[in-house]
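Structure record follows, encoded as structure tokens.
Start at 1 with the first residue, then count along the sequence.
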Amino acid sequence: MAVSEQECSSAKSSPSSSSSSTSRYYLSKCVVRASAILQVLYAHLRSPSSNDVVFGKETSIELVVIDEEGNVQTVCDQPVFGIIKDLAVLPWNDKFCTRRPQTQGKDLLVALSDSGKLSLLTFCNEMNRFFPITHVQLSNPGNIRDLPGRMLAVDSSGCFIAASAYEDRLALFSMSTSMTGSDIIDERIIYPSESEETASTSRTMQKTSISGTIWSMCFISVDSRQPIKGQNPVLAIILNRRGALLNELLLLEWNVKAHIVSVISQYVEAGPLAHNIVEVPNSPGLAFLFRAGDVLLMDLRDPHNPLCVYKTCLNILPNAIEEQTYVDDSCKLHDLDDEGFSVAACALLQLSDYDPMCIDSDSGGTNSGPKYICSWSWEPENYEVPRMIFCVDTGEFFMIEVYFDSDGPKLSLSECLYKGLPCKELLWVKEGYLASIVEMGDSVVLKLKDGRLCFTNLIQNIAPIFDVTSGDYHDEKHDQMFACCGVTPEGSLRVIQSGINVEKLLRTPSTYEGVAGTWTVRMKISDQYHSFLVLSFLGETRILSVGLSFTDVTDSVGFQPNVCTLACGLVSDGLLVQIYQSAVKLCLPTKDGHSEGIPLSSPICTSWYPDNLNISLGAVGHNFIVVSTSNPCFLFILGVRMLSAYQYEIYEMQHLELQNEVSCISIPRTKYGKKRSNSSISENNSSMASTVSGVDINKTFVIGTHRPSVEIWSFDPNGGVTVVACGTISLKSTAGTAKSFCIPQDVRLVFVDKYYVLAGLRNGMLLRFEWPTEPSHSSSINVVDTALSSINLVNSTTMAINVNLPCMLQLIAIRRIGITPVFLVPLDDTLDADIIALSDRPWLLHSARHSISYTSISFQPSSHATPVCSIDCPKGILFVAENSLHLVEMVYSKRLNMRKFHLKGTPRKVLYHNESQMLLVMRTELSIGTCLSDICCVDPLSGSVLSSFRLELGETATSMELIRVGSEQVLVVGTSLYSGPPAIPSGEAESAKGRLLVLCIDHVQNSDSGSMTFCSKAGSSSQRTSPFNEIVGHVPEQLCLSSSSLASSPDDNSFDGIKLDENEIWQFRLASATTWQGIVQAICPYLDRYFLASAANAFYVCGFPNDTPQRVRKYAVGRTRYSIRSLTAYFSRIAVGDNRDGILFFSYHEEARKLEQLYGDPSQRLVADCILMDDNTAIVSDRKGSIAVLCSDHLEAPNNASTECNLRLSCAYFMAEIAVSIRKGSYSYRLPADDLLSGGIGPKTNVDSLQNTILVSTLLGSIMIFIPLSREEYELLEAVQARLAVHHLTAPVLGNDHNEFRSRENPVGTPKILDGDMLTQFLELTNMQQNNILSMEPLDVVKPSLKPLLPQFSVNQVVQLLERVHYALN
């Protein structure tokens, strides 16, 4: 596109002829949060005693804990709607008065970001997220190099904070000691001030100023016995002056009373270049000065006279121990000679010239310079001998101790503790664990044991993602993505799934039809493990012993085998109860059934029968049983008493006739211990309250009724029955819908800091009720559910004065998770246990979260589930799905639900070959002999490389695509034969050449092997699974659980259930090879009989004459001004993305064999990737972090129209991450209930547009989906988003203006793609909070530009629309 910049600018300023009919509406949602960790911190954020780890990931903050086994578990991963520059911890200081009740004793998180603000954050346990306490404006939003906002330093006492710019300036803050006002920051100062900066023009003044690049800084502690008042903090900084060969150590003192900052001393020593200054904890006045090749221990107790008291050389460190992982000698941060560091200092002031998307750069250099410390961490809370573990750039880890003798402070250096990859960050936490953060690969958790660091676990990192492709899960109804991640030696292919990862242990054949219920039962209340698994069928009940082998012990337990069990459980130690239609049966198992059973040949049983009634429901609690009947409706409370040895009796304690039939019963267990779920990381849990509303919890049960309602009842064995609390669901039908749809299917009482009730309804909805916090008059809360009718939940918040009157529960939140009845299955017997919710699909409810919060479980829809806890499988869950029993474990130790296939080299592109059902992967940076790059065939189930095609010496693959030739598919590969520096944005070197290869994929029979083999995890059996044996029959049989199968790693490259036929081998065969002038950067199929390929700034329409892959013919050529980065086509339309002019639309005239340019990009754009959605719409990402939708359908036929800058920017979105891969997706975000909802009011979705979703992957490891919306949906959510962006509960946590942030790098006034991460916060709020946000007036002073919310839509329409997105993406 030959246009001038003036023409482009004029095109941008001219009004576009856009129309509403051509508008595009999208919503962006991050489905995999960025995994690249840039900062790592250790603090007490959730409580004064919690041990929390913070990962700063540029666009999000992740709070994790490292448990006793070294597993990293995520507490929350919060998007910040900004770009994090630096993070630090402000420790709590007991000398401060109470800051705020919610922050008492807790550390605060300090953040610098592109908002230009210094932010102090606290963690809220109830909302499970960070909230700002205060913001201090330092500069305008963006990246300003000479204003503070790049680096942080915090005084170890928590009294002072320093924030530096990239160069020349810093800011200092002192914390308020009274902490009684609204501002916890007392004093602040900028150094140098504008007047000081003007006065420092002389050379003498410049030497004592901080003119230059600030590399590092830290506070130098004073004696802790000195009072905070009157302290003058001393700040040490490493400064690189312009043109200087060596860095300087400067000491600055802030006279707080005089409000003056001055440089009090300098320290420069000839020798290596200093790059970091680090304070020694609990040793006032001591600091380490890290230099290239050595470490200096500095005595700064007299800041006017800095001294070096000890020096250690890094180039003669003790020999490394045997390497325990991959060593990446090429992972150099920068060269360590003087000239290299000078260049590095300049690089801090501008964007790096390194192109992460360029695959022709020379990254195979070796580390020949002096060793330097690239990361370090101090031992936490060591108040005696300070100990530091550090990593040098060769990947070796050492420990250094600071001790004192008669001559002063000294150092003690250990032997090499570990050798692995050089790490960017280190963090030493309690229990001896060390988090080692690696760039562009998985990080690791190490444990210090016996003087060595041992590998414990992985911290998954999939950044950078170069390419993704999607596919269906093998034999499951899931979606999964295959992603090319990481760089050599950590390059890998990842199989990514949504939701919580599930490790499948066992599966039975599909012979279990008619399963009516599953339960696990202990033999004693205090038992840690389950003893029995009860399976109820329509006309049969079977009991299995839980252990290494699941053996049928029905006859030894005593349950009635020829009936359908309605409920069962342990009523007291050794006493099991079975409830079925005609009786309640009490059983004492024998020793044949359990080692602690009675020493008799047959179990002892006794039964209780209702008089001429059939039992419909029941539940078993500690020392009592509750059953109900229908028609007539009675409720019976039964007790158990001992008559003599082994002789017990079930007796009736209470019974009463009910006005409404009972729909479900649950009895809360008061066992309170370590939870099995990942919410055990929550700090919400306080001591268990023994009463609810003044009633003994041990005599309490919860019921759901056909009224419909949820009610909490309590009974006195010697008295009556009391309704403690009630939440009534009153249905007002608007479509003639039956009341039964809102009847509770399951109810549970939960306790996390306070009691609340969860109710799963038969219509797929989930409700949360709480006790009212303040007395008020009765009120009705209308919840519109267009699937059924309007539900009027009448919840009185008036506390009952008469103890006989129930407290009316308050509805807090409503969510729909499907259309089938919701069953609630707690993961253990504790009241704070997380809960599995079964409906259309399984979900995990997080009990400690605010409102209703749930995450999908990566498993197929199931009808029943029960936890299974045994010594061999302590975290098992048994699902019933598709007439099979599945024993699985939820893997909380994996922050990301994925499997890793390690590949040598760097995977750049992945394709799925349908015929072979294999993955084709393009790899670079290989170290296989002289081969640098190849194309390999990978088994998508095991990750095994089955065959490969190696390129020539010095040749690198740059692009590939499957192209159809006649009835077959061939793989067309573009390569580079150029070994020079990376291509510059304006073009390529004239000497650059490449090749176009055509590879046939042939199916070859292997005659050497005639057997079938199985691939399985190391240590497991060779079979696909260890299946349950048939256990429905009448003969006692057993199912075996291999303990070795439970010990296999979930990250193992193999996969249970992969059956490989060694007779079937797919190999590559070279059909043709052609040398081109220029690197072949992009290839794209075109019109089913051609393909497009680009080289330098030209692209060609190519084909195969006579459908023979041995010959490639060029039919036409088109050219752009700059090097082409991407090619894409939709039918006859071609979109070309180049290095500067953005996107150009072309059309190919087949008869004339000519390419014609039709449309051009209105802006200059450094294209990263592009895709055509239709003839008129292109979605393009650039290397500044934006994504844009460009359209041409606002123009008439282009015969008389200019082709220059005539595309219209329909909408745009600043992601703050570079998207290197854009793929078209195809899925529906409609709930299964939407067919029923079609008659209700609300936004309508164009089903055809649902096929146009976009899948985007980024260099930071994010995966985002862009979902098309209708105009009505967009307008509704746009108004909601505007309110969320300014509300204090949901506004950007770092103080960014959300509208400004998402509009960056795009012309003013461009319509924006909606931010799904901002919108889904709405689902985390309570009903009252949601109503408050939607009722915000458009003329609120906080945001005068708020659009009025469409009046016909309520909270439920917004929730329903957002739930569709949440449901589909999970």
Problem set entry | Partner set under side-chain contact (heavy atoms from CB on, under 4.5 Å) for R1223, not counting sequence neighbours |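 So R1223 forms a side-chain contact (heavy atoms from CB on, under 4.5 Å) with D467, V468, K909, D1169, S1221, L1255.
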For this session: Quick one: list whatever passes side-chain contact (heavy atoms from CB on, under 4.5 Å) with F1131, sequence neighbours left out.
Result: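 Once residues adjacent in sequence are excluded, the partners of F1131 under the side-chain contact (heavy atoms from CB on, under 4.5 Å) criterion are D1175.
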Problem set entry | K1154, NZ atom: more than 12 neighbouring heavy atoms under 6.0 Å |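 No, the 6.0 Å shell around NZ holds no more than 12 heavy atoms from other groups.
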Exercise. Should we count CD of E968 as having more than 12 external heavy atoms under 6.0 Å?
Worked result: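 Open.
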For residues [X] and [Y], determine if any side-chain heavy atom of one lies less than 4.5 Å from a side-chain heavy atom of the other.
X	Y	value
N1139	L1166	yes
R1165	L1190	yes
P940	Q917	no
L1209	S1163	no
I465	V1220	no
Y1148	L1092	no
L962	L920	yes
R1133	Y1159	yes

Of all heavy-atom pairs between [X] and [Y], which one has the smallest distance, and what is that distance?
X	Y	answer
A1129	C1084	N-SG, 3.5 Å
P907	C484	O-CB, 3.3 Å
V1256	A1219	CG1-CB, 3.2 Å

Modelled atom types, side-chain donor and acceptor of [X] and [Y], under 3.5 Å:
X	Y	value
E1217	T59	yes
T906	E925	yes
T1120	N1097	no

Problem set entry | Derivation and outcome, side chain to side chain contact (heavy atoms under 4.5 Å, CB included), residues V910 and V938 | CA-CA 10 Å; V910 58; V938 178; over 6 Å; no
For this session: Begin with the C-alpha distance, continue with both residues' side-chain angles, and end with the deciding distance and a verdict on side chain to side chain contact (heavy atoms under 4.5 Å, CB included) for V1117 and Y1100.
Result: CA-CA 4 Å; V1117 60; Y1100 304 87; 3.4 Å; yes
Problem set entry | Of K904, R908, R923, the residue whose pairing with D934 passes salt bridge (Lys or Arg N to Asp or Glu O under 4.0 Å) |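 When salt bridge (Lys or Arg N to Asp or Glu O under 4.0 Å) is applied between D934 and each of K904, R908, R923, only R923 qualifies.
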Problem set entry | Test log, rule side chain to side chain contact (heavy atoms under 4.5 Å, CB included), inputs Y978 and I1079 | CA-CA 8 Å; Y978 180 65; I1079 299 172; 4.2 Å; yes
Exercise. Under a 4.0 Å N-O cut-off, is there an ion pair linking D1138 with R1125?
Worked result: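 Salt bridge: no.
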For this session: Salt-bridge test for E955 and K993: reply yes if a basic N is under 4.0 Å from a carboxylate O, no otherwise.
Result: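 Salt bridge absent between E955 and K993.
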For this session: Go through the steps for F949 and L997 under the test side chain to side chain contact (heavy atoms under 4.5 Å, CB included), then give the verdict.
Result: CA-CA 11 Å; F949 179 84; L997 309 178; 4.0 Å; yes
Exercise. What do you reckon, are the aromatic ring centroids of F1099 and F1146 less than 6.0 Å apart?
Worked result: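 Centroid separation for F1099 and F1146: below 6.0 Å.
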Exercise. With D1161, which of N1206, I1143, D1141, V1167 fulfils side chain to side chain contact (heavy atoms under 4.5 Å, CB included)?
Worked result: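 Answer to the side chain to side chain contact (heavy atoms under 4.5 Å, CB included) test with D1161 among N1206, I1143, D1141, V1167: I1143.
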For this session: Go through the steps for Y1115 and Y1090 under the test ring-ring contact (aromatic ring centres under 6.0 Å, His included), then give the verdict.
Result: CA-CA 9 Å; Y1115 293 100; Y1090 303 107; 5.5 Å; yes
For this session: Could you tell me how the ring of F1104 sits relative to the ring of F1091: parallel (under 30°), tilted (30 to 60°) or perpendicular (over 60°)?
Result: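 Plane angle between 30° and 60°, so tilted.
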